[in-house]
Protein chains: 2
Amino acid sequence: MTATLKDVATRAGVSTSAVSRTFTDGASVSLKMRRKVEKAAAELGYSPNFLARSLTTRRTKLIGLVSNNFHNPIFLQVFDLFTRGLQDRGLRPLLVNLSDEVDPENSLRMLQQYSVDGAIVASSTLPPVFSKAFRDQKLPVVHTFGRYTSSPDVHVVGIDNVEAGRMAARELVQRGYKKVAYLGGPQLATSAQDRLEGFENELSRHPEITHSHSYASAYSFEAGRAEMLRLLKENPAEAYFCADDVLSIGALSAVKDMGLRAPEDIGIIGLNDMEMSGWENINLTTIHQPIRQIISSSIELMVAMLDEPDRYPEARLFPCRVVERGTLRPRP
Amino acid sequence: MTATLKDVATRAGVSTSAVSRTFTDGASVSLKMRRKVEKAAAELGYSPNFLARSLTTRRTKLIGLVSNNFHNPIFLQVFDLFTRGLQDRGLRPLLVNLSDEVDPENSLRMLQQYSVDGAIVASSTLPPVFSKAFRDQKLPVVHTFGRYTSSPDVHVVGIDNVEAGRMAARELVQRGYKKVAYLGGPQLATSAQDRLEGFENELSRHPEITHSHSYASAYSFEAGRAEMLRLLKENPAEAYFCADDVLSIGALSAVKDMGLRAPEDIGIIGLNDMEMSGWENINLTTIHQPIRQIISSSIELMVAMLDEPDRYPEARLFPCRVVERGTLRPRP
DNA sequence: ATAATTTTTGCAACCGGTTGCAAAAAAAAC
DNA sequence: GTTTTTTTTGCAACCGGTTGCAAAAATTAT
């Protein structure tokens, strides 16, 4: 149906190699030849078949974009930034939804079958074993929103979740809260664990402040709401650090449901600073996570790795900052 | 690096065809042969290269998932459903972000270069010329959330936007509003046009009710908020039909900003019924669009087309229903 | 046991490209 | 105008598979 290399060669009266070379940059073709070939190609509407090409070049320019976060609105932005960033560099995202997947095997095999050049794992809730499995197959992999370790197995780009936890604690301390708590995402998410660690670590310097923690079942509105409802019925803290904005919004909803107000009765600070946290009817005080930088850095790293697969794994962490809005009482 | 067909053949001491056949279902292989090959394959960790295979079979099982909606939270759910649905059928979504794209040429060529088996265009704001360009290249295409016409150029799956507009109008009429208005998305979006058409069409049966319309610059919170702020400063209507939930939420925010309340001062009805519309602090009365059915039907249609490419284009429309929450005054 | 039929297998060509190598052509040096 | 050097070109093998066809092997019928 569509024109092939051979068709163009025949039409231009040249060898197939010549045609191939005009479409490979850096190859040796005379100007005259190039003209001839390009003319024939244009007449036939030819453009090279990337997949056939990939057989010999061993480059598909396909990047597996692997995630299991399809419920947190922030990930729409994540996908937007990733797809555009990859496209701009001539790469193509093959989207893999790991929502219910527990075993890396299948996804790994699939990525191999499509010969992706690399995989970006965009998730803070996927266990590290996933990205490690990819790496073990010599597949270049970047774990975006992954866990920081001083000697990482795979490239990690994100924030220092421990530090973010500290930051949240400091913020609550400064505002004079005496009884605080952490409301985390799924307990097995490394991000949730690390944020708690930092939170408690900072609070250990303030023995006069009591603190506790619990986990919502997912990074979702409903989960945050349910957990906060439960907490409020018992013996609630004065202020909560919710490990994610969407969780915070759920928690806020619970607060209002119980006839309470934020920040007057209950203080809440989130993490992410997603677009809707700034919406007037939400107006959440939160810790800003620099998504754009995280993603463009992830892509850069991936591009670099395509040229240099044995690059030593590094961790790239970006600083966060508190965005003050209306759900925490003012600093004294 | 990874084992190839030939490696397996050598190891098992059989021909490459034999190996190929064991991995092609429906091919003729004796049980004994299959055993032998599978053993060798397992030992080498072999699995067939889909792209090489696609060269001869002319099937890549790659589906272009094309969209320009990366700001409306409902599309996160759309991507979730599409990716899972496609995966479940052994198809792989190649995500294409058309956000700033005005010319179908590039995207079309790219999809051709990767030999996708088909393309799903998921957008209500992309001009029909895009999907038509794909179709013209004999590429099976489904336009999800596309415009209904009685003799469609390409397969369309979605809702009857005209009818949805009527439904919204009826709802406002029944609740006794005397002065109503339509707040649309980007004017060139077919969905925005059609919803307005239905809205006005229904209202033409009620000459005692005055109505007007205007458009927000995008289907986004900010755009809805800005437009509603403008409207409220002039001569606002009693109730608005906002052509999208995220637009409605922006509008609601504007209403509160001006010191007004919904539904007491201004009534609002949206369209989509996205998850967060049900959140307690939003609580938007809206028209439910059956996303799950729309998407699973789109996938079914695509799968059907892969077997029968010249299938006559059809339109599949799903009925909507009003979801009553708290932003419209009750029926009398 | 032999012939006829069916099933299984391997050969070799092909899918749409790329590329090392050597020959041919063009350019530079003498 | 030769010779040397450089550039351009085509040949042919290859990337990792599939598949039509005919031969070989296994079944079934006689």
Side-chain angles (χ1 to χ4, degrees), chain A residues 1-41 44-62 109-117 137, chain B residues 1-41 44-62 90 109-117:
Chain A
M1 193 76 267
T2 57
T4 78
L5 188 79
K6 215 171 283 178
D7 299 332
V8 178
T10 309
R11 173 150 202 147
V14 300
S15 74
T16 58
S17 337
V19 180
S20 174
R21 287 189 179 107
T22 38
F23 285 95
T24 313
D25 26 43
S28 157
V29 229
S30 69
L31 192 65
K32 206 190 301 175
M33 171 68 85
R34 154 155 281 135
R35 289 267 164 68
K36 224 181 344 180
V37 171
E38 276 173 350
K39 180 156 173 289
L44 294 171
Y46 168 80
S47 71
N49 180 324
F50 270 43
L51 302 182
R53 168 180 286 177
S54 79
L55 267 187
T56 40
T57 62
R58 300 173 162 287
R59 283 284 182 99
T60 54
K61 290 176 174 285
L62 248 28
R109 192 174 50 238
M110 186 242 114
L111 290 174
Q112 276 180 171
Q113 289 182 325
Y114 281 95
S115 318
V116 297
D117 289 345
Q137 295 299 310
Chain B
M1 191 80 265
T2 57
T4 76
L5 188 79
K6 215 170 283 179
D7 299 333
V8 178
T10 309
R11 173 151 201 145
V14 301
S15 74
T16 59
S17 338
V19 179
S20 174
R21 288 190 178 107
T22 33
F23 286 95
T24 313
D25 25 44
S28 156
V29 228
S30 69
L31 191 65
K32 206 189 299 175
M33 172 68 85
R34 153 157 281 135
R35 288 267 164 69
K36 223 182 341 181
V37 171
E38 276 172 350
K39 180 155 174 291
L44 294 171
Y46 168 81
S47 70
N49 179 324
F50 269 44
L51 303 183
R53 169 181 286 176
S54 78
L55 228 39
T56 38
T57 60
R58 298 169 165 288
R59 284 284 183 98
T60 55
K61 290 175 175 285
L62 246 29
R109 191 173 53 238
M110 185 244 113
L111 290 174
Q112 277 180 169
Q113 290 181 325
Y114 281 96
S115 318
V116 298
D117 289 346

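Here the side chains of Lys32(A) and Lys36(A) are not in contact, with every heavy-atom distance at 4.5 Å or above. Val8(A) places none of its side-chain heavy atoms less than 4.5 Å from the side chain of Leu5(A). The closest side-chain heavy-atom distance from Leu51(B) to Leu55(A) is not below 4.5 Å.
Residue Leu5(A) places its side chain closer to dT18(C) than to any other of dG16(C), dT18(D), dT18(C). Picking from dT8(D), dT18(D), dC11(D) the nucleotide with the shortest atom distance to the side chain of Thr16(B) gives dT18(D). Comparing atom distances between the Ser15(B) side chain and each of dT18(D), dG10(C), dG16(C) picks out dG10(C) as nearest. Minimum atom distance to the side chain of Tyr46(A) is reached by dG17(C), of the listed dA12(D), dT19(D), dG17(C). Between dG17(D), dG16(C), dT18(C), one nucleotide has an atom nearer to the side chain of Thr4(A) than all others, and that is dG16(C).
Rounded to whole Å, atom C1' of dG16(C) lies 11 Å from atom CZ of Arg53(A).
Nearer the 5' end of DNA chain C, as judged by each residue's closest nucleotide, is the contact made by Ala18(A), out of Ala18(A) and Lys32(A).
The one candidate from Thr22(A), Val19(A), Val29(A) that meets the side chain to side chain contact (heavy atoms under 4.5 Å, CB included) condition with Val14(A) is Val19(A).
Proximity of Ser30(A) to the phosphate of dT9(D): a side-chain N or O atom is located under 4.0 Å from OP1 or OP2. For dG16(C), the OP1/OP2 oxygens have a side-chain nitrogen or oxygen of Arg58(B) closer than 4.0 Å. Within the structure, every side-chain polar atom (N or O) of Tyr114(A) is placed at least 4.0 Å from both OP1 and OP2 of dG16(D). For dC14(C), neither phosphate oxygen OP1 nor OP2 lies less than 4.0 angstrom from any side-chain nitrogen or oxygen of Thr56(B). The shortest distance between the side-chain N/O atoms of Ser20(B) and the OP1/OP2 oxygens of dT18(D) is below 4.0 Å.
The base of dC15(D) is not paired with the side chain of Ser54(A) by any donor and acceptor separated by under 3.5 Å. Donor-acceptor pairing under 3.5 Å, judged by distance alone, is absent between the side chain of Arg59(A) and the base of dG17(C).
Judged as a salt bridge (charged side-chain N to carboxylate O under 4.0 Å, His left out), and not counting sequence neighbours, Arg53(A) has no contacts.
Residue contacts for Val19(B): at a heavy-atom cut-off of 4.0 Å it reaches no nucleic acid atom on any strand shown. Using a 4.0 Å heavy-atom cutoff across all strands shown, Phe50(B) reaches no nucleic acid atom at all.
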